[in-house]
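Down below is the structure, laid out as structure tokens.
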Amino acid sequence: YSRDASYRRSMQIKRQDSGQGESQMTFKRMTVLCMLVCALSIPGVARASLYAHYTFDETSGPGVSDSSGNDRDLSETSSGNALTYGQTGQFDSALFFNGTDGNPGGKFLLMTPDAGMPGDGDEITIVFWANSANNWSTDNAIICDYNANGMRFSVGLNSSNYGLTIGVANGSASGGTSPPPNSGKAYVKLDGTGTSGVNLSANTWHHFAIAFSNNAISAIYIDGNAVVEDGDSYWYFNDVNNFTIGGRIVGTSTPFVFKGLLDDFAIYNEVLSKSAIENIMANGVIPEPASLALIAVGAGLLLSKRSRR
């Protein structure tokens with residue numbers, strides 16, 4: 001009798017342990033599932049793919065890696081004041097550009113655009129964090145592109161209108177200095193005197209998002225707020241087949257290198273919504289669907305292995 005009682009007691013303990021193990025496994029599975037659902041449910045962003053994404057988290061150079069998986073890494077130009085890596089950013093580290101109005105000014109980043117870069121009339125949204133050391137009122141180029149696919153765009157700061165200056169056009173005209181149509185050029189004052197009342201101080205972080213569609217400016221957001229353009233102006237585009245961040249390449253013209261910090265810089269392949277841009281501001285650039293799918297597969301395999309133990 002005592003042997004039977006002992007056996008029953010042993011089996012009861014095993015069933016309890018097995019039940020606890022299954023409960024713990026179910027909890028882990030539900031936790032992973034919830035994380036994936038949350039990531040995939042972020043509106044707009046998770047469905048958009050990236051042309052390129054630069055976190056600027058490198059602690060040393062030269063050059064910056066593309067985190068989108070598209071291998072569009074950036075190299076440094078050879079002349080000018082050095083770039084400073086590993087600075088405090090909005091998300092982890094940031095990169096400091098030590099530009100001046102002089103030529104060569106400072107070093108900046110560049111690459112030769114490939115066939116997968118934005119083409120004539122494509123929808124794109126450029127997002128980035130910036131922290132200007134020049135009170136947002138010195139001639140500084142932030143991003144410039146002119147690629148063989150037939151698209152040109154530029155974003156920078158302009159001292160003549162104390163503002164953010166933007167241009168976009170097709171690549172049919174020869175030379176990076178050819179002006180865009182009126183719908184493809186604009187500036188927004190950043191000194192508090194503009195229509196939207198944007199007033200930015202030096203050495204402070206601000207988020208920018210600029211959307212282009214059909215070679216026109218679709219929307220401009222500063223710190224998540226849609227702003228109205230104050231007039232028509234534009235930065236020169238690069239010479240053909242040059243993509244640059246923090247400076248520009250226009251013949252022998254002054255590169256007007258940015259002076260300040262840049263962080264979490266990305267180009268999406270569609271016009272993002274306001275809510276999507278707000279999510280990027282709060283959470284950083286979101287992984288592409290393919291990356292999230294790999295995470296899901298990896299998590300599923302991991303839990304499957306654990307459940308068979």
Side-chain angles (χ1 to χ4, degrees), residues 51-54 56 61-66 70-85 95-120 122 124 126 128 130 132 134 138-160 164-180 184-185 187 208 210 212 215 233-262 265-267:
Y51 284 109
H53 175 213
Y54 306 104
F56 298 125
V64 169
S65 297
D66 176 14
N70 294 319
D71 297 324
R72 296 188 173 110
D73 299 341
L74 303 175
S75 59
E76 291 186 8
T77 53
S78 58
S79 302
N81 301 329
L83 297 167
T84 307
Y85 293 81
L95 183 61
F96 182 76
F97 296 77
N98 192 12
T100 66
D101 284 344
N103 196 353
K107 292 183 177 182
F108 53 100
L109 301 170
L110 79 161
M111 73 167 183
T112 301
D114 57 72
M117 288 292 282
D120 185 16
D122 283 354
I124 68 169
I126 302 167
F128 60 91
S132 172
N134 279 334
T138 300
D139 290 332
N140 287 165
I142 295 175
I143 181 171
C144 293
D145 177 57
Y146 186 177
N147 64 64
N149 297 343
M151 187 174 191
R152 300 176 289 164
F153 55 86
S154 64
V155 178
L157 304 174
N158 193 316
S159 61
S160 63
L164 181 73
T165 305
I166 303 163
V168 62
N170 64 34
S172 60
S174 61
T177 60
S178 301
K185 56 186 177 182
Y187 69 84
F208 297 85
I210 300 100
F212 301 134
N215 298 322
S233 183
Y234 71 100
W235 261 95
Y236 284 169
F237 305 106
N238 280 333
D239 291 341
V240 67
N241 282 338
N242 283 288
F243 174 92
T244 57
I245 289 180
R248 69 177 189 183
I249 299 174
V250 183
T252 59
S253 176
T254 302
F256 293 112
V257 178
F258 182 68
K259 188 175 182 67
L261 295 158
L262 294 177
F265 205 116
I267 304 174

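This is a predicted model, so every value here is computed, not measured. In what follows, every heavy atom counts, from backbone to side chain, and hydrogens, waters and symmetry copies are set aside.
- Residues Lys259 and Asn98 have side chains that bring a donor and an acceptor to within less than 3.5 angstrom of each other.
- The two atoms that bring Ile245 and Phe108 nearest to each other are O-CB, 3.5 Å, heavy atoms only.
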* To do: Report the C-alpha separation of Asp139 and Ser159 in whole Å, then their side-chain angles, then the decisive distance to 0.1 Å, and conclude whether the side chain to side chain donor-acceptor pair (under 3.5 Å) test is met.
  => CA-CA 5 Å; Asp139 290 332; Ser159 61; 3.2 Å; yes
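- Of all the heavy atoms in His53 and Ala266, the pair that sits closest is CD2-CB, 4.0 Å.
- Taking OG1 of Thr244 as the start and CD1 of Ile142 as the end, the distance is 11.5 Å to the nearest 0.5 Å.
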* **Pair Ile143-Phe243, side chain to side chain contact (heavy atoms under 4.5 Å, CB included): steps then yes or no** => CA-CA 8 Å; Ile143 181 171; Phe243 174 92; 3.9 Å; yes
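- Taken from CG in Asp239 to OH in Tyr146, the straight-line distance is 9.5 Å, to the nearest 0.5 Å.
- Asp120 places no side-chain N or O within 3.5 Å of a backbone atom of Met151 that could act as its donor or acceptor partner.
- Side-chain atoms of Asn140 and Thr138 include no donor-acceptor pair closer than 3.5 Å.
- Checked against salt bridge (charged side-chain N to carboxylate O under 4.0 Å, His left out), Asp114 has the following partners two or more places apart in sequence or in another chain: Arg72.
- The two residues Arg248 and Cys144 have their closest heavy-atom pair at CB-SG, 3.7 Å.
- The only option from Ile126, Ile124, Asp66 that meets the side chain to side chain contact (heavy atoms under 4.5 Å, CB included) definition with Tyr51 turns out to be Ile124.
- Leu164 and Phe208 get closest at one heavy-atom pair: CD2-CD2, 4.0 Å.
- Remark: Phe265 pairs with Phe128 by the ring pair (Phe, Tyr, Trp, His ring centres under 6.0 Å) rule, at least two apart or across chains.
- Side-chain atoms of Tyr187 never come within 3.5 Å of backbone atoms of Leu157 as a donor-acceptor pair (strictly under, hydrogens ignored).
- The main-chain N or O of Val168 is never found under 3.5 Å from a side-chain atom of Arg152 such that the two would form a donor-acceptor pair.
- Nearest approach of Leu109 to Leu95, heavy atoms of both residues: CD1-CD2, 3.7 Å.
- Under the 3.5 Å distance criterion, the side-chain polar atoms of Asn147 are matched with a main-chain donor or acceptor of Pro118.
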* Given side chain to side chain contact (heavy atoms under 4.5 Å, CB included), test Ile166 with Phe212 step by step and report yes or no. => CA-CA 10 Å; Ile166 303 163; Phe212 301 134; 3.5 Å; yes
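- At a threshold of 4.5 Å between non-hydrogen side-chain atoms, the residues Leu110 and Ser75 count as touching.
- Contact between Ala52 and Asn70 at its shortest, heavy atoms only, is N-ND2, 4.4 Å.
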